[in-house]
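Note that these values count all heavy atoms, side chains included, but never hydrogens, waters or copies made by symmetry. Please read all numbers here as calculations on a predicted model, not as lab measurements. Each ligand, and each atom within it, is numbered from 1 in the order the structure gives.
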Amino acid sequence: MRATVIGLGYVGLVTAACLAEWGHDVIGVDGDEHRLDELEAGRMPIHEPGLEDLVSAGVSAGRLRFSAPAAQAVAAAQVVFVAVGTHDGNGGWQTATIRSALSAIVPEMADDSTLVVRSTLPPDFIRQLPWLVSAMRQEAGRRPIPVMTNPEFTREGSAVHDFLQPDRVVIGVGEDPHGRGASMLRKIYRRTNVPVLVMGATDAALTKLGANLFLATKISFANELAQLCDAYGADITHVVAGMSHDTRIGGGFLRPGIGFGGSCLPHQVTMTIRESAALGLTTPLFEAVETINHRQREVFVDRLTIAAGGLEGARIALLGLTFKPDTDDLREAPALDIARTLIDRGATVVAYDPMPAARTKAAAEVPGLIVVDRAMKALVGADAIGLVTEWPEFARLPWAAVAKAVRRPAIVDGRNALQPAMLVAAGFTYVGFGRDGRAAVAEPGAVPTTTPAQPDAAGSPVPTRSRRRTSIEAALSAHGIDRPLTPIGVETNVSGA
Ligand code: UDX
């Protein structure tokens, strides 16, 4: 099949490369000439595992080409996928880019071709899409074409895998009177051998939105549950494992920590709250999901503050900057907010991420942030270490040597990615999320943000431990149970790994 993909970002480039991998004849179109030159030279504009190999295989087999002028690239295509950006940079949608892409390509598309919109767009825009396209065709004196959508469910870091081996394929029908569009898309995805669900285009848009809202809700739920685990001294890892065997619940997306970032989940939660308000709807659940997600960053900073014995003059090492491993994407990365807050509160923040592009971008976006090109450079002399992104190399660091290189062996694991027992054996004070019951002190107001560390009897600085009783402690005590929670930074004996 001759396919053209408009927009070569995280979604479009993966779509183009995977279609070429399936043997289709693909032209990738992008308005950014530099990006096209880089692709022609075999250099990837983004980091996505497996993508470079697919692109170079497609290019050398002659099945994948790149082009700037959209009009020419769509004229001979049987199917045109549109995967242009839709964010307004302020948590909302913008449809200007897709409108302008459509007005460039729709009049040029062949009468027997099919338009497939893959970008994530407001359901309202998707509802109007068939009329918009039909008006453009009429104006150009061309026959109507099928208008389809095909939402993507591909995660950054495993997008190639998710495209080639999806859980399901969703096909949205905007306008397809003879079923040509649906049968073309069914043919393309036949080899995936997974359920292909054909539904109205608005249903498909809500399916995409619903999936991401549910995933975001699961993460915020896990973060709320982790708070209870911290307060009662339970281990969330065991709790989630116990819950996950219930097939109604499942185990995915229940990892607590600093919360979700990236281009999809935060944007779609915020956008849904805003658009719903404009429709006169209330969304208390999604508002709570967002509030909890932002609270997690504050909790992380509070825990780091306690671990470092105050932030003023402290040196904090951040491990990881990207919103998740195996990407170089910093969009809505919690690391940026966290670094800004730490710097505002008087800390020197030294960060390391394995992705050079992410390091450069983060340094440009966060004034005062120091980035280094090796983990050890960030760790030497640190008053506390904060793990932000669970890159596998962090689990493999020589932690016993790190304990000797830091000023205070204290680590706050924002992704529950490290082995507490191993770190404690190496001499660290370890704090995760919902793992050991000792992090509950990080209540707002209980944190010494500016108090310098006080020396102990041996002259070593120890954390200032001003803290309030947590509400859980108060509730336990009201039931006659007196089990004070131990502040972090005091014990180094953690049970369960
Ligand atoms: C998401 C959706 O998963 C994908 O289907 C959609 O099409 C695009 O958006 P992506 O944003 O690439 O994918 O990453 P995802 O794996 O969903 O992770 C999003 C964020 O949630 C990351 O910051 C991750 O660290 C965080 N997360 C994920 C958690 O905090 N806990 C979890 O249990 C899972």
Working for salt bridge (charged side-chain N to carboxylate O under 4.0 Å, His left out), residues K208 and E152: CA-CA 8 Å; K208 162 73 193 237; E152 53 85 18; 2.8 Å; yes
Working for side-chain contact (heavy atoms from CB on, under 4.5 Å), residues E298 and H294: CA-CA 7 Å; E298 274 295 326; H294 283 113; over 6 Å; no
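Closer than 4.0 angstrom to ligand 1 by heavy atom are E152, F153, T154, R155, E156, K208, N212, L215, I219, F253, L254, R255, G259, F260, G261, C264, L265, F323, K324, R415, sorted by chain and number.
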Quick one: side chains of residues 193-206, donor-acceptor pairs under 3.5 Å with protein atoms, not counting sequence neighbours, listed by atom name and distance.
none

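Taking the six-membered ring for Trp and the full ring otherwise, the centers of F163 and W22 sit less than 6.0 Å from each other.
Salt bridge annotation for R191-E21: absent, with no cationic side-chain nitrogen under 4.0 angstrom from a carboxylate oxygen.
Under 3.5 Å, the side chains of T305 and R345 contain no donor-acceptor pair of N or O atoms.
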